[in-house]
**Q** 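This is the structure, below, for whatever I ask next.
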2 protein chains.
Amino acid sequence: MAVDREQVLRAAASLLMRKSSATMDEVARAAGISRATLNRQFAGRDALVRALEELGIAECEAAAARAAVDDGPAADAVRRLVRELEPAAGLLAFLYSENQLFEGDEQNEGWTRLDARVVALFRRGQEVGEFRIDLSPVWLTEALYGLLVSAAWAICEGRVAPNDFSSNVTELLLGGAVRREK
Amino acid sequence: MAVDREQVLRAAASLLMRKSSATMDEVARAAGISRATLNRQFAGRDALVRALEELGIAECEAAAARAAVDDGPAADAVRRLVRELEPAAGLLAFLYSENQLFEGDEQNEGWTRLDARVVALFRRGQEVGEFRIDLSPVWLTEALYGLLVSAAWAICEGRVAPNDFSSNVTELLLGGAVRREK
DNA sequence: TCTCAATGAGACACTGATGTCTCATTTGAG
DNA sequence: CTCAAATGAGACATCAGTGTCTCATTGAGA
């Protein structure tokens, strides 16, 4: 009888990723509940988006923890991170387009924490000599987000194969498009 | 006295890139005109977005033409393309988040044409041996869009330096993050 | 200077989404 | 089985955004 909030959030994310302008009624229907119940769980659309934001942050931080981004070679850490981040990519794609979240006076500090971890990863790779130094860690972090979102979208629209998600993002981010001999 | 439609579109794009939920009233104020005039120029918000889409397509195609994407080494063509695309990146970022444009029954064929040109560029690079073949041209195209949007956003929020736009996108897309000896 | 088209300002009704409420029904625990 | 809590369905008022209209004002060209 009790509604599973997380299941509702996942259904909402799945719908909002494809149609960010979906109505609360559509979200409720997609989650298999009534609009009344949806409003009982989340007081208003804003609260729903905030909850999705919290879920996204939690999933990303959990992914970073599972990937152990501070251990081993930085390149391998990036590969693990991307692989662990794949399930959250759809949610990330929605939040990425919800720039309403960032235009306010203050953004959720969870993003700050997450950014710090990823930036630290790229900086570590630079200091060890694995990554080039002419691309700033901040830009590499932003690029990682962008590639994750692009890949999620491209897969969602059937332009690229779902199985290639991880390798597509990782290979392009680390190796680039230019062919290397050897 | 006569309103410059293109100037209005640019002001609208500049605002909508930062706040995609901006009101028609806000858009009009940002463009320095009244809401009545805005509605005289663009019959409704939908028409405004469509006009922005047309402008974006036109700018991208003009950039592709200026960059002569079919001439010379593919890597250099990509560099030229990114450089020419920079002024349109902001508009592209807005359109990218306006997934409402793609969820309809039919998307503007301008995107199809543009995609075809960029895909052809990457495919040419692969056939010549410049680009690696384990990343599909379609994915490289999507990644290019994603990096352009990421870079535009990061600059808009002051996270990276505006001057680094072209090199950031180009270097990461072509070379990747991993450092190469010589 | 005169004229007329275009603009700005404001009022107006309309639409769609939203949030809240009620009540019948269902579900799960005791 | 019984009952309390939660849900679903629907009605309702509210509100913000939108599109349209009118009218006074502006400005460029004849």
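These numbers come from the heavy atoms of this one structure, side chains and all, not from hydrogens, waters or symmetry mates. Labels below follow one simple rule: chain letters A, B, ... track the order of the sequence lines, proteins then strands, and each chain is numbered from 1.
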**Q** Please report the distance, rounded to the nearest Å, between CG in B:D46 and C1' in D:dG17.
**A** 15 Å

**Q** Report yes or no: does A:R80 contribute a side-chain atom to a donor-acceptor pair with the main-chain N or O of A:A68 at less than 3.5 Å?
**A** yes

**Q** Spell out protein contact along nucleotides 9-17 of chain C as letters: B when the base is contacted, S when just the sugar-phosphate is, - when no protein heavy atom is under 4.0 Å; keep the 5' to 3' order.
**A** B-B-----S

**Q** Could you go through the ring-ring contact (aromatic ring centres under 6.0 Å, His included) check for B:W153 and A:Y96 one step at a time?
**A** CA-CA 10 Å; B:W153 257 47; A:Y96 195 81; 5.3 Å; yes

**Q** CZ of B:R29 versus C1' of D:dG17: gap in Å, rounded?
**A** 13 Å

**Q** Would you call A:R124-A:E130 a salt bridge at under 4.0 Å N-O?
**A** no

**Q** A:F42 CZ to C:dT20 P: how many Å, rounded?
**A** 15 Å

**Q** Do the charged groups of A:E26 and A:K19 touch, with an N to O distance under 4.0 Å?
**A** yes

**Q** Consider the side chain of B:N39, meaning its heavy atoms from C-beta on, and name the nucleotide among C:dT20, D:dT20, C:dG8 that approaches it most closely.
**A**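 Looking only at side-chain atoms, B:N39 lies closest to D:dT20.
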
**Q** I need the minimum non-hydrogen distance between B:Q126 and B:R132, along with the two atoms involved.
**A**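 Where B:Q126 meets B:R132 most closely, the heavy atoms are NE2-O, 3.0 Å.
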
**Q** To the nearest Å, how far apart are A:L48 CG and C:dT18 P?
**A** 10 Å

**Q** With a 4.0 Å cut-off on N to O distance, would you call B:D4 and B:R10 a salt bridge?
**A**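 Salt bridge absent between B:D4 and B:R10.
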
**Q** Rounded off to whole Å, could you give me the CD-to-P distance for the B:Q41 and D:dT18 pair?
**A**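 Going from CD in B:Q41 over to P in D:dT18 covers 17 Å.
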
**Q** Tell me the interatomic distance from A:D25, atom CG, to D:dA11, atom P, rounded to whole angstroms.
**A**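 Checked: the CG to P distance equals 13 Å.
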
